[in-house]
Amino acid sequence: MTDDALRIEGLRKRYGRRAPWALDGLDCRFPRGALCGLVGPNGAGKTTLYSVVCGFLPPDGGSVDLLGEGPFDPWRFKGRVGVLPQDAEIQGRLTCSEFLRYMGSLQGLPSAKARSEADRVLRGVRLHERQDSLVGSLSHGMRRRLAVASALLGSPELVLLDEPTAGLDPAQAASLRDELIALRGTSTLIVSSHNLVELERICDWVVLLEQGRCVRQGTVADVTGQRQLVTWRLGPGEVPLEALRAALPEHELQVPSPGLLVQRAPADSDLDASAVVIARELAAAGVGLRGLQRGRSLEESFLATTAG
Amino acid sequence: MTALRSLRDALLIARFQLARAVRTRSALALCLLYLLGSTGATYVFTRILLQIENETARVLKVPIVERPGAMLDTLRERGDLANILEPLVGREDLVGWALEQPILTIVHFWFALGVLPFLAVAVGAESVAPDARDRSLRFELVRTGRLELIAGRFLGQGVLLLVATVFATLGTWAVAMGAMVEQPAGLQATTLLASAPRLWLWSLPFLGLGVACSQLTSTVNFARSLALGAAVGTWILFGVTKTDWAQGQPYFGALLEPLLPQTYVLDLWGPGWAWAGSGAILALLGFVAALVTLPIFARRNL
């Protein structure tokens with residue numbers, strides 16, 4: 001058993017011989033049990049990646065290794081992989097419960113288990129009161145939650161959610177986030193979203209895509225530089241830059257504008273210890289401290305890494 | 001084990017397909033359309049028959065009748081009808097069997113032989129294309145294979161056609177009871193019901209063509225057009241196999257004829273269970289036809 005729930009190597013896909021590559025030799029990995037974010041601008045290849053991973057679309061090259069057992073096969077991974085496709089509609093003439101029971105049966109659950117699982121996931125996405133409503137009578141947000149519920153049926157080992165909170169109101173989105181967080185550790189979740197604040201809040205691991213390639217991947221702390229980058233917001237006064245550089249010779253220290261000190265620490269350095277040194281030097285120079293921020297936001301990291 | 005799992009999935013999908021057809025009322029629409037068609041066709045036949053019988057009665061200076069069928073029964077009893085039919089059908093055993101059937105059963109049979117293929121391709125064309133368009137297929141395809149999906153859709157639509165085929169016999173029976181001279185109700189009902197499975201088997205290759213075309217596109221109307229073209233194409237090819245040129249080719253007819261449903265149509269007539277063998281071939285042809293485009297469907301972005 002590998003440590004990765006999903007490993008992608010050299011994956012290539014394009015829609016037509018003359019079309020640009022939607023996935024251009026993509027290499028990335030998603031650790032088992034983690035709540036992972038998949039981030040990228042429009043056209044970066046997120047939905048294509050989901051489609052190839054789930055077998056909706058054949059790749060032109062490269063490999064996909066799901067749960068350490070090779071590429072997707074509906075029989076081998078029956079009930080072990082849950083998917084929320086981005087644009088897929090649910091048949092409007094079924095009730096929520098009927099749809100989920102059908103999906104449960106199709107993924108191999110016995111009838112009684114399919115029924116109880118349908119109840120469970122409907123409660124999880126707070127649609128239990130609408131279980132007997134026709135899908136066609138639900139709002140867009142409710143249909144989205146129902147589709148998420150179908151991906152969570154039977155507690156699959158790997159869940160891929162393409163824009164799960166798109167079109168949801170803030171309360172619904174928050175409720176869905178809580179549901180996803182509750183699954184951390186039991187299932188591996190891969191969530192694509194343009195809401196980077198949301199991903200930063202819930203994810204352990206993040207993969208940044210641009211033009212079909214992985215431009216950055218790692219833990220959220222690594223990608224946002226929380227272990228290496230500190231921005232100090234200072235009060236009036238001259239920053240004792242020379243004294244600081246002498247005290248922390250391995251650190252890169254800059255004052256890009258008045259009242260701002262940017263510290264880049266070497267990898268594996270003790271940021272807490274260096275913070276004590278900086279605070280002491282600033283106090284000795286009579287410079288007040290107004291605040292500090294470790295790393296950048298995921299959004300800033302994303303913008304800094306990608307062209308956008 | 002794998003075959004059993006595949007069968008289980010195909011049956012689940014077929015059941016869902018049927019339930020959806022009932023829920024969307026497309027099953028009701030199909031049944032009513034077919035019922036109205038067969039009722040209308042047999043009723044028109046009775047009106048034409050009445051006119052012919054009464055014209056003949058005027059010529060022969062015998063009393064005219066209000067309900068048709070009496071003169072036909074006389075022709076049948078005297079063997080004159082057999083003399084008319086034998087050159088048309090070309091097989092004495094089939095003529096003998098046909099003359100034992102109530103006349104409206106034969107009319108219903110002929111009507112259905114002509115109409116069912118087109119209903120079947122239309123039903124088949126709706127089996128996959130609309131779900132590819134709204135991508136709802138993805139919910140199923142992450143849980144089962146494409147082969148099972150197509151087999152299930154074919155089965156579901158097939159059962160729907162069987163229900164419609166049985167349902168349509170009601171109309172013909174009602175016409176026979178209401179518009180013809182006294183007909184034995186039981187015999188009329190049993191012969192009509194006995195025709196239903198034969199007609200259904202005849203429709204399956206065309207249903208398969210519809211399902212095959214439905215896998216090629218996300219546009220239902222395009223799938224319907226393709227399937228209609230394919231169905232008409234089978235008649236054209238069948239006609240070609242009967243030409244002198246084709247008869248002169250050593251392999252052309254021998255290879256093509258077994259693949260065309262029209263080759264087996266006459267075998268569906270006749271007494272006993274002699275039709276079952278050809279019926280089984282038609283069912284197999286239907287299933288194979290549904291899978292012909294599977295290699296393309298398997299590569300499609302769904």
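Side chains included, hydrogens not; waters and symmetry mates left out as well; all remaining heavy atoms used.
Among the candidates B:R146, B:R133, B:R300, the residue making the largest number of heavy-atom pairs closer than 4.5 Å to chain A is B:R146. Put simply, of A:I90, A:V81, A:L134, A:D73, the one with the most heavy-atom pairs under 4.5 Å next to chain B is A:I90. Comparing A:F77, A:F99, A:F56 by how many heavy-atom pairs each has under 4.5 Å with chain B, the most go to A:F56. Chain B forms more heavy-atom pairs under 4.5 Å with one residue of A:A151, A:C54, A:S150 than with any other, namely A:S150. Among A:M103, A:R80, A:Q107, A:K78, the residue making the largest number of heavy-atom pairs under 4.5 Å with chain B is A:M103. Most heavy-atom pairs under 4.5 Å with chain A, from the set B:D131, B:D134, B:L141: that is B:D134.
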query: Run the side chain to side chain contact (heavy atoms under 4.5 Å, CB included) check on A:W21 and A:Q211 step by step: do they pass?
result: CA-CA 8 Å; A:W21 290 102; A:Q211 295 181 343; over 6 Å; no
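No side-chain heavy atom of B:V142 sits less than 4.5 Å from a side-chain heavy atom of A:P74. Annotation: side chain of A:L158 is in contact with side chain of A:I190 (closest heavy-atom distance under 4.5 Å).
Interface remark: A:Y102 contributes side-chain atoms only to the contact with chain B (heavy atom separation under 4.5 Å). Only the side chain of B:R20 comes within less than 4.5 Å of a heavy atom in chain A; its backbone stays farther off. Both the backbone and the side chain of B:I13 come within contact range of chain A, each with at least one heavy atom under 4.5 Å from a heavy atom of that chain. Contacts of B:E148 with chain A are made by side-chain atoms alone, with heavy-atom separations under 4.5 Å and no backbone atom involved. Of the two parts of A:L84, neither the backbone nor the side chain holds a non-hydrogen atom closer than 4.5 Å to a non-hydrogen atom of chain B.
Outside the 6.0 Å centre-distance limit, the rings of B:W202 and B:W200 are not counted as a close aromatic pair.
Counting heavy atoms of neighbouring residues, nucleotides and ligands inside a 6.0 Å radius, atom CD of A:E157 exceeds 12 of them. The number of heavy atoms from other shown groups lying within 6.0 Å of CZ (A:R76) is above 12.
Annotation: the span from B:R135 atom CZ to A:S51 atom OG amounts to 7.0 Å, rounded to 0.5 Å.
No side-chain donor from either of A:S105 and B:R8 sits under 3.5 Å from a side-chain acceptor of the other.
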